[in-house]
Amino acid sequence: MSATGQEPLWKPSPARVAGSQVSAFIGAVNGRHGTALADYRALHRWSVENPAAFWEDIWELGAVIGEREGPTLVDGDRMPGAHFFPQARLNYAENLLRPRDPASVALVFRGEDKVERHVTFGELTDLVSRLQQALRAAGVSVGDRVAATMPNMPETIAIMLATASLGAIFSSCSPDFGERGILDRFGQIAPKVYFACDGYWYNGKRVGIGDKLAQVVPQLPGLAQAVIVPYLDEAEDVASKLPDGASLDAFVAPFAPAPLTFERLPFNHPAFILFSSGTTGVPKCIVHGAGGTLLQHIKEHRLHCDLVPGDRLFYFTTCGWMMWNWLVTGLASGLTLCLFDGSPFAPAPEVLFDYAEKERFALFGTSAKYIDSLRKEGVRPGETHDLSALKALTSTGSPLAPESFAYVYEAIKADLHLASISGGTDIISCFVLGDPTAPVYKGEIQAPGLGMAMEVWSDEGRPVTGERGELVCTRPFPCMPVGFWNDPEGAKYHAAYFERFDNVWCHGDFAEWTGHGGIVIHGRSDATLNPQGVRIGTAEIYAQAEQVPEIIEAIAIGQDWDNDVRVVLFVRLKAGAALDAELEKRIRTQIRTGASPRHVPAKIIAVADIPRTRSGKITELAVRDVVHGRPVKNTDALANPESLDLYRDLPELAV
């Protein structure tokens, strides 16, 4: 059993439960199907046992625009190979741009402290219309790719919607990616049109990317047009130096707003290409379908987050992370999207809560690392900001430490649905996440996602509770990838998820069910440590080590040593702190008492930096390779590849 607290940190009031969309949905299911479901857990069991009926009901919940004909599920016992709504036709953009008051605010944007904009639904629709016409004139049609290296700003959403309206496929990354990182991604998918900003702001610094684009654009195969979007007011100059370059203004200038048209296509026609982190080689190109993405996000926004039309949805994300796609689909549920680009600590740690107060966020989405950083900075937004509109806070990217759960309720808001969520790029959504009708327990994700048949399996493929194992999904779901790009036989796709257990999705997370029916993610299973043959999740070590005040962050690996594996913990310390014998002792004591003696590292080493991907995730595998003298296959996938040198040929690891 996980050593999580037995008393909940938060319980929704009976009125909140009764008024939730989960309760309304249960009532609708009972009325439609003659069932007598009493609560979320019963609804979840029904949803995985009756997938066709459940996903039909999600279609109805979202009032999906499209043609739903024929069967709901074919080959429902095959994974991969199942087909949801095989005869249905829809368009993703048409569902996001469903009619609403043209004067209502669709998007709010802040770029650090440099930019603040509100975009009405009418303004968004007009820009999408002009982009749609311009893309069509550039030769973009069904199945073509449009790529973007852009900040999380309104123009990026308009570009994506125009692309999707034509049945083309959209792919994006953030502008801090290096030349090689951009080409490793978009070079594989050969976009017909490529959009990029002229630069961006980060931590108060102005960063132009014109020189980088001058190297990237000529190397993109089959490119017909490069379009530069102004953010630093240098778009015309940057575009003039590119082959087939144009500023955004010039690209759309010939076209006045006109009624939009939408290409309705099969349910799982490709809409997005997302990329794996690329730390073990060239990134995999993961293709996601329009219908599966749409239904899954509607389900998560409406039922798991309890968001209603008019609510303001914020997620701190870049365009290189699937949470951007998740955020954008909120338009389909009539939400106002709050966008942010830049450092969440510039010019001060409270900047996102200033934004939350002014724009009255209903949901504040962020990373576990951000919450931990606030805690260590001593920031207490609940005492300084009016957060009365905030009803949910979600955290993802890595497991949320138990101390961070407590911090949220002590320092941000006591009456708040805190949902740690986990899934990923692979499914463009979540496997386990929040239940707004249930208590929140420290250190636990609340529940499996509706329609997701989640289990934890032992190495032998046996379901287990109260012990650690592989997180798996035993039945098909609509947001499974369509496949991988340039993988015609599906061999790479099969190897990624179905090689470990036949006909079962193995996600690569090391997890454990708790006595409350919640789940704890102990880290990625490929980074799991195995000293003396005992499997240990790295997240368990971090949760303890990072409670030590001197430690900013940590990374743990298993080093092959003396015919076994020993745990090595690297720590980044606060300015002025030193890793002396007394601090080492406190770190080991904290880990021993908070986790177990088996979690205690054999070696603790101070480092100046910890390598992480561009989406902010630390990279244990890259560090492990460096320590063992193996090459790291794709350092351009890292935000700070130079940090790997800190781990090379360390004398402390030779003894």
Side-chain angles (χ1 to χ4, degrees), residues 51 55 72-92 141-147 160 163-164 166-173 184-192 221-222 263 265-278 280-297 320-322 325-326 329 423-431 451-453 472-508:
W55 291 107
T72 299
L73 179 59
V74 174
D75 292 329
D77 58 347
R78 294 178 57 200
M79 187 160 48
H83 294 281
F84 287 85
F85 302 99
Q87 295 177 31
R89 299 180 75 83
L90 55 77
N91 183 278
Y92 174 83
S141 62
V142 173
D144 286 332
R145 278 77 60 209
V146 172
M160 182 279 291
T163 300
L166 297 170
I169 307 169
F170 182 77
S171 190
S172 62
C173 71
D184 280 350
R185 287 158 175 77
F186 299 153
Q188 294 187 71
I189 64 172
K192 184 166 281 188
E263 191 77 35
L265 294 156
F267 178 79
N268 245 4
H269 175 78
F272 299 110
I273 297 175
L274 275 61
F275 302 94
S276 65
S277 62
T280 56
V282 176
K284 295 187 287 287
C285 309
I286 305 171
V287 183
H288 287 290
T293 300
L294 179 68
L295 286 190
Q296 181 78 337
H297 290 177
W321 192 20
M322 50 76 46
N325 305 80
W326 188 92
T329 310
T425 299
D426 315 81
I427 63 167
I428 204 167
S429 60
C430 303
F431 274 129
M452 313 297 271
V472 301
C473 189
T474 61
R475 299 188 187 188
F477 48 94
C479 64
M480 292 168 62
V482 175
F484 290 173
W485 196 257
N486 292 329
D487 183 27
E489 304 301 319
K492 293 178 185 176
Y493 180 34
H494 188 275
Y497 311 114
F498 305 103
E499 204 164 63
R500 179 80 187 274
F501 302 114
D502 184 50
N503 210 39
V504 169
W505 179 291
C506 185
H507 194 53

Evaluation steps, side chain to side chain contact (heavy atoms under 4.5 Å, CB included), between His269 and Val142 | CA-CA 9 Å; His269 175 78; Val142 173; 3.6 Å; yes
Looking only at atom types and distance, does a side-chain atom of [X] sit under 3.5 Å from a main-chain N or O of [Y], one as donor and one as acceptor?
{"X": "His507", "Y": "Gly423", "result": "yes"}
{"X": "Asn91", "Y": "Ala164", "result": "yes"}
{"X": "Asn268", "Y": "Phe84", "result": "no"}

Check whether any side-chain heavy atom of Leu274 lies under 4.5 Å from a side-chain heavy atom of Asn325, and answer yes or no.
-> yes
Any Cys173 side-chain heavy atom under 4.5 Å of Phe275 side chain | no
State which residue, out of Tyr92, Phe272, Phe170, fulfils the side-chain contact (heavy atoms from CB on, under 4.5 Å) condition with Thr163.
-> Phe170
Passing option when Ile273 is tested against Ser171, Pro191, Ser172 for side-chain contact (heavy atoms from CB on, under 4.5 Å) | Ser171
Distance from His83 atom NE2 to Thr72 atom OG1, nearest 0.5 Å?
->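 Answer for the NE2-OG1 pair, His83 versus Thr72, is 14.5 Å.
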Atom pair CG/OG1 of Leu294 and Thr329 - distance to nearest 0.5 Å = 7.0 Å
Shortest non-hydrogen contact from [X] to [Y]?
{"X": "Asp144", "Y": "Lys192", "result": "OD2-NZ, 3.3 Å"}
{"X": "Cys506", "Y": "Val472", "result": "CA-CG1, 4.2 Å"}
{"X": "Ile189", "Y": "Cys285", "result": "CG2-SG, 4.1 Å"}
{"X": "Pro86", "Y": "Val74", "result": "CG-CG2, 3.7 Å"}

Counting only pairs under 3.5 Å, give me each side-chain donor-acceptor contact of residues 473-486, with atom names and distances, residues two or more places apart or in other chains.
from: Thr474; atom 1: OG1; to: Ala453; atom 2: O; distance (Å): 3.4
from: Arg475; atom 1: NH1; to: Val48; atom 2: O; distance (Å): 2.6
from: Trp485; atom 1: NE1; to: Gln188; atom 2: O; distance (Å): 3.4
from: Asn486; atom 1: ND2; to: Gln188; atom 2: O; distance (Å): 3.4

Determine, step by step, whether Glu263 and Leu166 satisfy the side chain to side chain contact (heavy atoms under 4.5 Å, CB included) criterion, reporting the C-alpha distance in whole Å, the side-chain angles of both residues, the deciding distance to 0.1 Å, and the verdict.
-> CA-CA 5 Å; Glu263 191 77 35; Leu166 297 170; 5.7 Å; no
Would you sort out whether Met322 and Ile427 count as a side chain to side chain contact (heavy atoms under 4.5 Å, CB included), showing the intermediate values?
-> CA-CA 9 Å; Met322 50 76 46; Ile427 63 167; over 6 Å; no
Check each of His297, Gln296, His288 against Ser429 using the side-chain hydrogen bond (donor to acceptor under 3.5 Å, both in side chains) test, and report the only one that passes.
->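 Checked His297, Gln296, His288 against Ser429; only one passes side-chain hydrogen bond (donor to acceptor under 3.5 Å, both in side chains): Gln296.
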Look at the aromatic rings of Phe498 and His494 and report parallel, tilted or perpendicular, splitting at 30° and 60°.
-> tilted
Can you label the angle between the Phe431 ring and the Trp505 ring as parallel, tilted or perpendicular, going by 30° and 60°?
->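 Because their plane-to-plane angle is over 60°, the rings of Phe431 and Trp505 count as perpendicular.
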Check the pair Leu295, Phe85 against side chain to side chain contact (heavy atoms under 4.5 Å, CB included), reporting the backbone distance first and the verdict last.
-> CA-CA 11 Å; Leu295 286 190; Phe85 302 99; 3.6 Å; yes
